[in-house]
Amino acid sequence: TVAPMQVATLPASALTWSDLGVHPNSPYTYVVTAVYPDGSQGSAQGSVTTPAAVNPSGFKAAETTPGTVQLSWNSVTGPYPPSYYVLIGPGVPGGGTKVGLATSFTATGLPPGSQTWMVASYYDPTGVQGAAVSTPGTQFPTISVNVSAPAMSGHYLVSVTGLRAVQMSVDDILSRDGKGDEVFAAAFVRQYDRNTGQATMFTARQTMVYGDINGFSTSRVQAGSYQPLGGIRDGDAIPTGATVDRQDPQQDVVFPWRVWEGTLTDRSDALVISPSIWEVDGDASHFHSWVQQQTFLNNTLLSTPTVKWQIQNNAFSYATQGGAEAPGGIFATKAPTLAADAVLVGLGLPPLATLLSGSLDRHIGMVNGPNGAMLPNTVVVLTREIIEQALNQPAIGLTMVNGNLPIFFPKPGIMAIPFVDTPPGGFIKDRPAIYYMILQVERLP
């Protein structure tokens, strides 16, 4: 039947006819009547049930980039193909649209989270009034994907605004290096691809020496209040008058000191910075050893539990990750073994080896190790996610840092990193050096 209450009239020569108005999975009865010239008639009858509507198989979805999902399915073949496919879900025009007989579609601009799509075959009966038909919606193939948020990038600056000397170190008794402490800051900076675990950049950086400039006017920056030409002692800020937050343009070798500047992208980049503070006596052997041993850590540091925890928890803080042994397994401030050393250290003076040489630069915050003095490896882990979360927190304000030093933090994104020698009774009896480094992260235009 072409349509209800209608008859198709064919010429006497016609031996076939096609009904274009049938619905899927429906019974139909057809009667063919032959009309002769004398008006007599003869009829034959036949019945058929049309095939059921068939939905596509093999419905698949894969996120190609954050916020974009590629959808695909298998075409329906056979004697009763559909007129078109309909795709329903997010990222589809109008929430649902005809896609013709295509078997794929790219949904874009998707919000993060679980998203669901349906696909169906539709049969459009030509010549029949009414909507196209399909299987019930509950039978449409369905698929879900957990869509990632689009990756965001930003331009950031990591700087050290200065140092704070809570307690100066034991110095050369002859002050051959200058009055009080003379120090410089250093950092080993690594940038990683978090997807491959490979270090894409690494470098060691250091500032000029700060302290007493007597005899060193061209190679040092005056800092400290030990005497008119400088020299760092307890309670001094380095540089003199330094603020916690950056007030001046960042510099490469003086404070505020540019440690790193560049672009970070979510789920892609990570910085692992190992900061340090060094007291200068003239021989940089220990510093060079520290740089070398930091280089050895490049291939493994990103995968260590400490660093992974910092990234997973968006922790804006410092942590200790491994360490390095000082060259030769001995250092000027190693625990004394000679009676003379015991007397000297008991008086608050360096061991005999120090008095005789007095030339070894040393890492502030050294501890006793199994084979001699150890240089702890402090790390600061930074990602775009960590920095943005830190910058979106309220400023800390006035707080005590490790019970030693009250610091006023006027902005978010600032931390004070302690560098503390082994406690009294260790290798520097009754006089452990205690310093703080002020590190700041900022978002730049």
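Below, each value reflects all heavy atoms present in this structure, side chains not excepted, and no hydrogens, waters or symmetry copies.
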Whether the side chain of [X] engages the backbone of [Y] through a donor-acceptor N/O pair (distance < 3.5 Å, no angle test) should be reported.
X: Asp421; Y: Ala433; value: yes
X: Gln251; Y: Val254; value: no
X: Ser268; Y: Thr265; value: no
X: Thr142; Y: Met118; value: no

Return yes if a side-chain donor-acceptor contact under 3.5 Å exists between [X] and [Y], otherwise no.
X: Gln115; Y: Ser144; value: no
X: Tyr226; Y: Asp181; value: no
X: Ser274; Y: Arg190; value: yes

Does the side chain of [Y] come within less than 4.5 Å of [X]'s, by heavy atoms?
X: Ile438; Y: Val160; value: no
X: Tyr85; Y: Pro56; value: yes
X: Phe419; Y: Pro275; value: yes

Asp212 and Arg233 ion-paired at < 4.0 Å:
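No.
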
Determine, for Arg164 against Asp236, whether the closest basic-nitrogen to carboxylate-oxygen distance falls under 4.0 angstrom.
no

Listed by chain and number, what are the side chain to side chain donor-acceptor pair (under 3.5 Å) partners of [X], not counting sequence neighbours?
X: Gln139; answer: none
X: Trp290; answer: none
X: Thr161; answer: none
X: Gln247; answer: Asp245

Does the side-chain contact (heavy atoms from CB on, under 4.5 Å) test come out yes or no for Ile277 and Leu163, once each step is laid out?
CA-CA 9 Å; Ile277 303 173; Leu163 311 176; 3.9 Å; yes

What residues, two or more places apart in sequence or in another chain, satisfy side-chain contact (heavy atoms from CB on, under 4.5 Å) together with [X]?
X: Ile213; value: Arg220, Gln222, Leu229
X: Ala315; value: Trp309, Gln310, Ser317
X: Gln321; value: Leu301, Thr304, Thr306, Asn377, Val379
X: Pro394; value: none

Under the ring pair (Phe, Tyr, Trp, His ring centres under 6.0 Å) rule, what pairs show up with a residue in residues 249-270, not counting sequence neighbours?
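For residues 249-270: Tyr210-Phe255.
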
Please tabulate, for the side chains in residues 93-106, all donor-acceptor contacts under 3.5 angstrom to protein atoms that are two or more places apart in sequence or on a different chain.
residue, atom, partner, partner atom, Å
Thr106, OG1, Gln70, OE1, 2.5

Phe316 versus Ile414, closest heavy-atom pair with distance
CE2-N, 3.7 Å

By ring pair (Phe, Tyr, Trp, His ring centres under 6.0 Å), which residues pair with Tyr84, not counting sequence neighbours?
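With sequence neighbours excluded, Tyr84 shows a ring pair (Phe, Tyr, Trp, His ring centres under 6.0 Å) to Tyr122, given in chain and number order.
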
Salt bridge (Lys or Arg N to Asp or Glu O under 4.0 Å) contacts touching residues 381-399 (sequence neighbours left out):
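Residue pairs passing salt bridge (Lys or Arg N to Asp or Glu O under 4.0 Å), neighbours aside: Arg194-Glu385, Asp266-Arg384, Glu388-Arg443.
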
Worked check of side-chain contact (heavy atoms from CB on, under 4.5 Å) between Leu444 and Glu261:
CA-CA 9 Å; Leu444 299 181; Glu261 182 179 341; 3.5 Å; yes

Ring geometry between Trp278 and His363 (parallel below 30°, tilted from 30 to 60°, perpendicular above 60°)
perpendicular

